[in-house]
Amino acid sequence: MCGIVGYIGSEQAAPILLDGLTRLEYRGYDSAGVSIHDGHKLNVIKTKGRLRILSDMIDGGNSVHGVSGIGHTRWATHGKPSNENSHPHVSNSGNIAVVHNGIIENYLQLREFLTSRGVKFNSETDTEVVAQLVDYYYDGDLLKAVHRAIDRIEGSYALGIMAAYYPDMIVAACKDSPLIAALSEKGNFIASDVTAVLKHTRDVIYLEDGEYAVLTPESVDVFDSFLEPVEKAVSHIDWDISSAEKGGYEHFMFKEIMEQPEVIRKTMAPRIRNRKVILDDIQLSKEYIKGINKIYIVACGSSYHVGMVAKYNIEKLARKPVEVALASEFRYCTPIVDEKTLVVCISQSGTTADTIAAMREAKRLGGRVLSIVNVVGSTIAKESDDVIYTWAGPEIAVATTKAYSTQLAVTYLLSIYLADCCGTINADEYERLVGELLTIPDKIECILKDKEHIQYLASLYFNNRDIFFIGRNIDYALSLEGSLKLKEISYIHSDAYAAGELKHGTISLVEDGTLVIAAATYQRLLEKTISNIVEVKARAAQVLSVTTESGKGLVAQVSDNMMVIPDIDELFLPSLAVVPMQLFAYYVALLRGCDIDKPRNLAKSVTVE
Ligand code: F6R
């Protein structure tokens with residue numbers, strides 16, 4: 001959470017920082033601020049609220065002059081959103097300014113230490129101790145002062161630091177929080193994410209844990225944790241800024257829903273050659289795969305829901321036991337992991353703190369980690385034994401759609417690949433499945449063409465107070481995602497249940513008019529699901545079903561309304577069925593006037609535990 005950007009060069013810094021922060025707002029948006037060096041001193045302007053308030057305060061950056069600066073957009077952890085708690089934080093002397101992403105775990109001890117030496121604190125944040133500590137240790141060398149301060153810090157951080165004494169220097173450092181440096185003709189940058197700098201350059205350096213970067217207008221020098229110089233490779237980003245812009249759509253979420261056929265093609269096409277699943281990305285030998293005793297899938301939120309689908313599919317195809325764990329629980333549940341355990345970490349951002357912690361625990365226990373990640377070069381991608389990138393491109397809306405869909409696509413490829421290695425599917429079945437897999441993008445296109453129908457359905461139900469999702473097997477996994485999508489952007493209370501479970505308690509909440517969204521795509525259990533639908537209908541619920549062309553005849557008899565998807569092999573149904581659910585959530589949120597791309601209390605990249 002929190003977005004950092006810094007610029008030092010020949011142009012006015014404030015407009016560049018504001019533009020960069022706009023692209024990082026998905027990381028947090030409860031307050032924002034910049035610190036600009038005017039050649040003599042640091043000027044700090046910060047405020048509670050959205051970035052546009054800051055932008056208005058400084059006339060789009062035109063009223064603050066200076067060619068170097070750091071900026072921040074915040075997702076509050078320590079201390080409520082307020083002007084005082086906004087970043088940059090400045091030391092008492094006004095000489096050190098700091099922007100920070102992460103959590104300083106021992107900030108209370110450090111605060112006590114500094115207070116006992118006469119330092120006065122102005123905010124409730126953990127970050128302020130960094131500014132005060134750097135100032136405390138400063139004796140003429142900024143990098144050394146930062147190094148001494150960091151030596152005393154426990155926790156996670158990506159830091160951008162400026163000092164009044166150095167108009168032409170920014171110092172950056174990171175541990176367990178992403179940070180890049182970027183180079184261009186007109187100056188150099190730091191940022192939490194490449195999207196913040198893409199307008200200016202595609203040449204970036206990924207900073208590793210424990211590294212420091214010193215930026216001047218002409219250079220970026222990187223040092224290791226002992227302040228020894230490090231040679232870093234410059235990576236060239238090959239997607240351009242348009243992928244991170246709305247391209248005429250009203251919301252990023254809608255744009256990203258519409259992009260799904262294309263990004264799924266991009267994810268699958270290079271990995272299916274001559275109708276064979278080729279996973280060049282990974283180094284798992286056939287012997288290793290055959291010998292796997294258990295697969296753990298570890299993830300959070302929607303990525304966890306992908307894991308739920310993957311469990312059903314891998315167990316069905318490859319006949320290996322799969323356990324799906326929430327990353328925040330995994331490390332505290334004494335997981336049984338050894339060298340024959342494959343731990344699959346799924347993460348769009350690759351920076352989710354809980355998933356990182358789970359991945360490290362899995363490695364510590366001797367497991368082999370295969371990650372499915374969207375953001376190239378992110379922490380999870382870098383630290384995993386193997387990584388399969390989802391290639392969804394930048395996902396900006398906080399609620400995931402296209403990343404979820406490409407994650408699903410990768411798990412399908414993986415399921416077939418594992419099954420092939422284990423010899424648990426025959427050649428005909430293999431060929432049939434690969435053929436079916438390739439039909440997903442076109443079938444999603446068909447569903448998207450019918451979006452007006454889903455918009456109409458949203459208009460019938462957008463005023464509901466509680467909505468329940470039910471489904472069995474992969475329809476249950478799908479229901480979890482449908483429910484999360486709806487509640488996170490529309491703020492309607494919603495829960496998902498395994499359809500057979502409802503009668504064990506929750507059905508008491510169903511009353512006249514309660515909306516139940518029934519995922520009824522899984523043909524094998526259709527009759528059972530229909531029985532569960534009938535149970536809620538008997539309590540006067542309204543039922544909106546998601547079903548297939550071949551299921552619609554039966555499902556229509558027990559539903560008030562339906563969203564119908566094309567037929568496809570049962571393994572891949574969630575890829576189609578999630579699309580009407582995403583659209584439904586989107587249109588409901590639109591009708592309720594919600595801030596769709598930036599729902600309250602959320603952030604895209606959850607870098608705190
Ligand atoms: C929901 C959503 C979140 C993420 C979760 C994990 O729409 O986006 O639930 O799926 O925070 O994030 P990643 O995949 O980046 O680890």
Side-chain angles (χ1 to χ4, degrees), residues 1 3 26-28 75 101 176-178 192-193 195 251-254 256-257 260 297-310 324-330 343-360 369 371-384 387-408 410-411 477-491 494 496 578-579 581-586 589 594-609:
M1 348 285 260
Y26 71 86
R27 301 179 65 88
W75 188 86
N101 171 27
D176 296 339
S177 268
S192 311
D193 181 340
T195 50
H251 295 101
F252 278 112
M253 182 176 176
F254 193 69
E256 289 161 5
I257 290 173
Q260 289 179 112
I297 302 182
V298 184
C300 303
S302 295
S303 298
Y304 170 81
H305 300 155
V306 170
M308 295 280 290
V309 176
V324 195
L326 289 166
S328 52
E329 292 291 316
F330 175 81
V343 180
V344 179
C345 293
I346 307 179
S347 175
Q348 186 283 129
S349 60
T351 53
T352 301
D354 287 318
T355 314
I356 292 175
M359 169 191 65
R360 290 181 181 159
V369 174
S371 64
I372 298 173
V373 175
N374 192 38
V375 177
V376 175
S378 56
T379 307
I380 294 175
K382 280 191 298 197
E383 291 187 23
S384 303
V387 52
I388 308 181
Y389 284 113
T390 46
W391 296 332
E395 190 178 61
I396 310 293
V398 165
T400 182
T401 52
K402 65 173 180 171
Y404 170 91
S405 287
T406 51
Q407 288 169 345
L408 271 184
V410 169
T411 65
L478 169 73
S479 298
L480 290 167
E481 178 60 9
S483 169
L484 178 62
K485 223 61 326 159
L486 181 74
K487 69 184 135 197
E488 68 181 329
I489 61 166
S490 73
Y491 314 144
S494 162
V578 76
V579 178
M581 290 193 175
Q582 294 166 342
L583 285 167
F584 183 77
Y586 173 81
C594 298
D595 191 349
I596 293 180
D597 284 338
K598 298 190 190 91
R600 68 183 178 212
N601 304 337
L602 294 176
K604 182 91 185 144
S605 167
V606 186
T607 54
V608 293
E609 282 188 49

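Atoms within a ligand are numbered from 1 in the order they appear, just like the ligands themselves. Note that the numbering runs from 1 along the sequence shown for the chain.
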Check your understanding: So, Lys485 side chain and Gln582 main chain: donor-acceptor pair closer than 3.5 Å or not?
Key ->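 No; zero donor-acceptor contacts below 3.5 Å.
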
Can you find a pair of side-chain heavy atoms, one from [X] and one from [Y], that are under 4.5 Å apart?
| X | Y | value |
| --- | --- | --- |
| Thr401 | Glu395 | yes |
| Arg27 | Ser192 | yes |
| Val306 | Thr411 | yes |

Review point. Is the closest heavy atom of Leu602 to ligand 1 under 4.0 Å?
Key: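 False for this residue.
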
**Study point:** ligand 1 contact by His305, heavy-atom criterion under 4.0 angstrom
**Key:** no

Review point. If you measure from each non-hydrogen atom of Thr351 to ligand 1, which part falls under 4.0 Å: side chain, backbone, both or neither?
Key: neither

Check your understanding: What is the minimum heavy-atom distance between Thr351 and Ile380, and which atoms define it?
Key -> N-CD1, 4.3 Å

Contact atoms of ligand 1, heavy-atom distance to [X] under 4.0 Å:
| X | answer |
| --- | --- |
| Glu488 | 1 (C), 7 (O) |
| Ser303 | 10 (O), 13 (P), 14 (O) |
| Thr400 | 1 (C), 2 (C), 7 (O), 8 (O) |
| Ser347 | 13 (P), 14 (O), 15 (O), 16 (O) |
| Val398 | 8 (O) |
| Lys485 | 1 (C), 7 (O) |

Point to revise | Gln348: partners by side chain to side chain donor-acceptor pair (under 3.5 Å), with sequence neighbours left out | key: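 Testing Gln348 for side chain to side chain donor-acceptor pair (under 3.5 Å), a comparison that skips the adjacent residues, returns Asn374.
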
Around [atom], find the nearest protein heavy atom and jot down its residue, atom name and distance.
| atom | answer |
| --- | --- |
| atom 15 (O) of ligand 1 | Ser349 OG, 2.6 Å |
| atom 6 (C) of ligand 1 | Cys300 O, 3.4 Å |
| atom 10 (O) of ligand 1 | Ser302 N, 3.1 Å |
| atom 11 (O) of ligand 1 | Val606 CG2, 4.0 Å |

Exercise for review: Go through Ser302 and Glu481 one step at a time and tell me if the side chain to side chain donor-acceptor pair (under 3.5 Å) criterion holds.
Suggested key: CA-CA 6 Å; Ser302 295; Glu481 178 60 9; 2.9 Å; yes

Practice item. Output, in order, the C-alpha distance, side-chain angles, deciding distance and verdict of side chain to side chain contact (heavy atoms under 4.5 Å, CB included) for Tyr389 and Val410. Key: CA-CA 8 Å; Tyr389 284 113; Val410 169; over 6 Å; no

Review point. For Thr355 and ligand 1, does the shortest N/O to N/O distance drop below 3.5 Å?
Key: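 Looking only at distances, the answer is no, because the N/O contact criterion of under 3.5 Å is not met.
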
Exercise for review: Would you indicate which of Ile346, Val306, Ile372, Thr352 comes nearest to atom 16 (O) of ligand 1 when only heavy atoms are counted?
Suggested key: Thr352

Check your understanding: When rounded to the nearest 0.5 angstrom, what is the spacing between OH in Tyr404 and CG in Leu484?
Key ->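 Here the interatomic distance stands at 10.0 Å.
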
Revision key, fill the gap. Across all chains, not counting sequence neighbours, the salt bridge (charged side-chain N to carboxylate O under 4.0 Å, His left out) partners of Asp176 are Arg360

